[in-house]
Amino acid sequence: MYLLKHPFGLTPVLCKNWEELRGAKAPLALVGADFWEEAQAEQVKGSGTYLIRLDEAHVSPYQPADHLMKEVYRMALEQQLYLPGAMPVLYEKEIAAVCSPHGYDLQTGFAIVYSLIRAEHVRTLYLDFSYYSGFFDIEKEDVGDLFYELHKQNKPMGAILAAMVQKFGPMDYLPPVRVQMDMDDLTGEDFTELLQRILQESEYELVVLNMPVRPRFLRAVYGCCSHMYSLQREGILYERAQARLLEDLRLESGQTQLSNLQVVPMPAISGSFSMDESMYEELLFGEMAAFIRRMLAVSD
């Protein structure tokens with residue numbers, strides 16, 4: 001019997017008995033046919049673990065590992081169990097999130113430039129959930145309208161996006177809401193449902209999310225995304241803010257290399273940032289763009 005626990009991704013752990021299973025407190029266990037009835041009995045006792053049966057009639061353990069993992073992800077997602085990395089694996093697309101635990105003033109600039117650079121190669125959608133910063137023309141639809149349409153549940157997501165998105169160079173985007181109170185009623189489940197539908201029902205290969213530091217939003221997105229970039233400046237206050245982010249994500253200091261979180265030390269960067277067409281060349285070839293291109297080259 002293998003338990004899949006995932007503070008830093010899916011990690012197979014062999015459990016020798018039911019006490020070890022309960023002690024691990026992970027949400028998902030793969031159970032062989034010989035132990036299935038006993039496993040269900042233990043689940044009834046309150047182990048809090050979702051069980052997947054391993055046998056030829058359910059999930060075959062004799063298939064390639066990547067196929068097995070996709071099947072596990074698919075079954076978990078059907079039960080609305082959102083495991084880290086599930087959506088990119090299932091839909092073979094990418095989600096990248098950008099945040100800053102101490103309110104880095106160029107977070108939106110980083111997220112936009114990152115999106116524009118990636119949009120040179122893959123079809124990219126940029127969604128801004130951060131605080132309104134003056135970058136955007138907000139006379140048209142924003143991310144709040146996207147959630148409104150999501151909750152109505154009467155149109156395919158591809159059709160909703162086609163009618164709402166704005167374009168800036170090769171990138172499609174939706175700006176933030178003008179008033180953050182419009183986001184107060186949203187839950188982490190709203191974010192996971194939105195991302196699932198975008199990946200499943202649209203043709204975007206990459207979705208970039210500019211995120212506020214709200215723990216319930218960040219935890220939901222962290223569990224879905226391929227990469228989460230946390231921007232950091234030097235100094236003890238910034239380090240403390242970063243430690244709080246790790247706590248919010250239920251990660252431990254020094255173990256981010258095992259996760260999809262990448263802490264990005266930011267240098268001093270000058271230049272102007274705006275979504276005006278006149279600024280397009282500056283955004284693609286200024287100091288921020290040079291820094292991000294180097295970062296992406298290193299990660300490749």
Side-chain angles (χ1 to χ4, degrees), residues 5-10 26-27 77 80-89 93-112 114-115 125-133 142-144 146-147 150 173-177 179-199 206-233 237-266:
K5 68 176 184 178
H6 59 92
F8 316 113
L10 287 180
L77 206 56
Q80 296 187 325
L81 179 63
Y82 296 98
L83 301 175
M87 292 186 191
V89 169
K93 297 178 180 181
E94 187 178 353
I95 302 171
V98 178
C99 68
S100 173
H102 50 74
Y104 175 56
D105 56 350
L106 293 181
Q107 175 182 329
T108 298
F110 179 100
I112 290 171
Y114 175 88
S115 301
L125 173 66
Y126 170 79
L127 300 176
D128 198 311
F129 301 102
S130 67
Y131 299 103
Y132 178 70
S133 57
D142 56 39
V143 292
L146 183 59
F147 277 111
L150 173 70
Y173 75 94
L174 279 174
V177 296
V179 181
Q180 279 291 310
M181 287 177 60
D182 294 344
M183 304 279 286
D184 285 347
D185 292 335
L186 296 177
T187 65
E189 288 74 16
D190 288 320
F191 275 88
T192 51
E193 182 183 358
L194 176 68
L195 294 174
Q196 182 181 354
R197 288 195 57 189
I198 290 174
L199 295 185
L206 168 65
V207 181
V208 180
L209 312 170
N210 190 20
M211 300 296 299
V213 183
R214 295 192 182 186
R216 71 178 185 274
F217 294 169
L218 289 176
R219 281 195 292 268
V221 169
Y222 171 76
C224 299
C225 67
S226 314
H227 310 284
M228 177 175 281
Y229 299 103
S230 178
L231 312 183
Q232 179 174 329
R233 298 297 297 273
L237 294 180
Y238 301 143
E239 292 173 3
R240 289 173 180 171
Q242 196 67 248
R244 177 59 186 268
L245 174 65
L246 295 179
E247 181 181 329
D248 289 339
L249 295 178
R250 302 189 175 98
L251 296 172
E252 295 182 16
S253 179
Q255 294 182 309
T256 58
Q257 291 183 349
L258 300 175
S259 73
N260 54 1
L261 175 68
Q262 179 178 342
V263 177
V264 182
M266 296 300 298

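Shortest non-hydrogen contact noted between Leu150 and Glu193 is CD1-OE2, 4.0 Å. The shortest heavy-atom contact between Gln232 and Glu239 is NE2-CG, 3.7 Å. Scanning all heavy atoms of the two residues, the minimum distance from Pro176 to Ser130 falls at CB-O, 3.4 Å. When all heavy atoms of Phe217 and Leu186 are compared, the closest pair comes out as CE2-O, 3.5 Å. Of all heavy-atom pairs between Leu245 and Pro101, the closest is CB-CB, 4.0 Å. For the residue pair Leu218 and Met228, the shortest heavy atom distance occurs at O-CE, 3.8 Å.
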*After noting the C-alpha distance and the side-chain angles of Met266 and Leu106, does the key distance pass the side-chain contact (heavy atoms from CB on, under 4.5 Å) rule?*
CA-CA 10 Å; Met266 296 300 298; Leu106 293 181; over 6 Å; no
*Between Ile198 and Leu127, is a side-chain contact (heavy atoms from CB on, under 4.5 Å) present by the stated rule, with each step listed?*
CA-CA 11 Å; Ile198 290 174; Leu127 300 176; 3.8 Å; yes
*What do the steps show when you test Asn210 against Tyr126 for side chain to side chain donor-acceptor pair (under 3.5 Å), and what is the final call?*
CA-CA 8 Å; Asn210 190 20; Tyr126 170 79; 3.2 Å; yes
_Let's go through Phe110 and Tyr104 carefully: what are the C-alpha distance in whole Å and the side-chain angles of both, what is the deciding distance for ring-ring contact (aromatic ring centres under 6.0 Å, His included) to 0.1 Å, and is it a yes or a no?_
CA-CA 10 Å; Phe110 179 100; Tyr104 175 56; 8.0 Å; no
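Not one N or O on the side chain of Gln196 forms a donor-acceptor pair closer than 3.5 Å with the backbone of Cys224. For Arg219 (side chain) and Arg214 (main-chain N/O), no donor-acceptor pair under 3.5 Å exists by modelled atom type. Without hydrogens or angle criteria, Gln107 side chain to Ser100 main chain gives a donor-acceptor distance under 3.5 Å. Remark: the backbone N or O of Leu206 is not paired with any side-chain donor or acceptor of Lys93 at under 3.5 angstrom.
For the atom pair CG of Asp185 and OG1 of Thr187, the computed distance is 10.0 Å after rounding to the nearest 0.5 Å. For the atom pair Asp105 CG and Arg233 CZ, the distance stands at 7.0 Å (nearest 0.5 Å).
Just one residue in the list Leu195, Leu194, Val98 forms a side-chain contact (heavy atoms from CB on, under 4.5 Å) with Leu209, and that residue is Leu195.
A 6.0 Å sphere centred on CZ of Arg244 holds no more than 12 heavy atoms belonging to other residues, nucleotides or ligands. The 12-atom threshold is exceeded at CZ of Phe147, counting heavy atoms of other residues, nucleotides or ligands nearer than 6.0 Å.
At least one side-chain heavy atom of Pro212 sits under 4.5 Å from a side-chain heavy atom of Phe129. By the 4.5 Å heavy-atom criterion applied to side chains, Leu174 and Val143 are counted as neighbours. Side-chain contact between Ser226 and Glu94: present, with at least one pair of heavy atoms (C-beta onward) separated by less than 4.5 Å.
Residues Gln262 and Ser230 bring no donor and acceptor atom of their side chains to less than 3.5 Å of each other.
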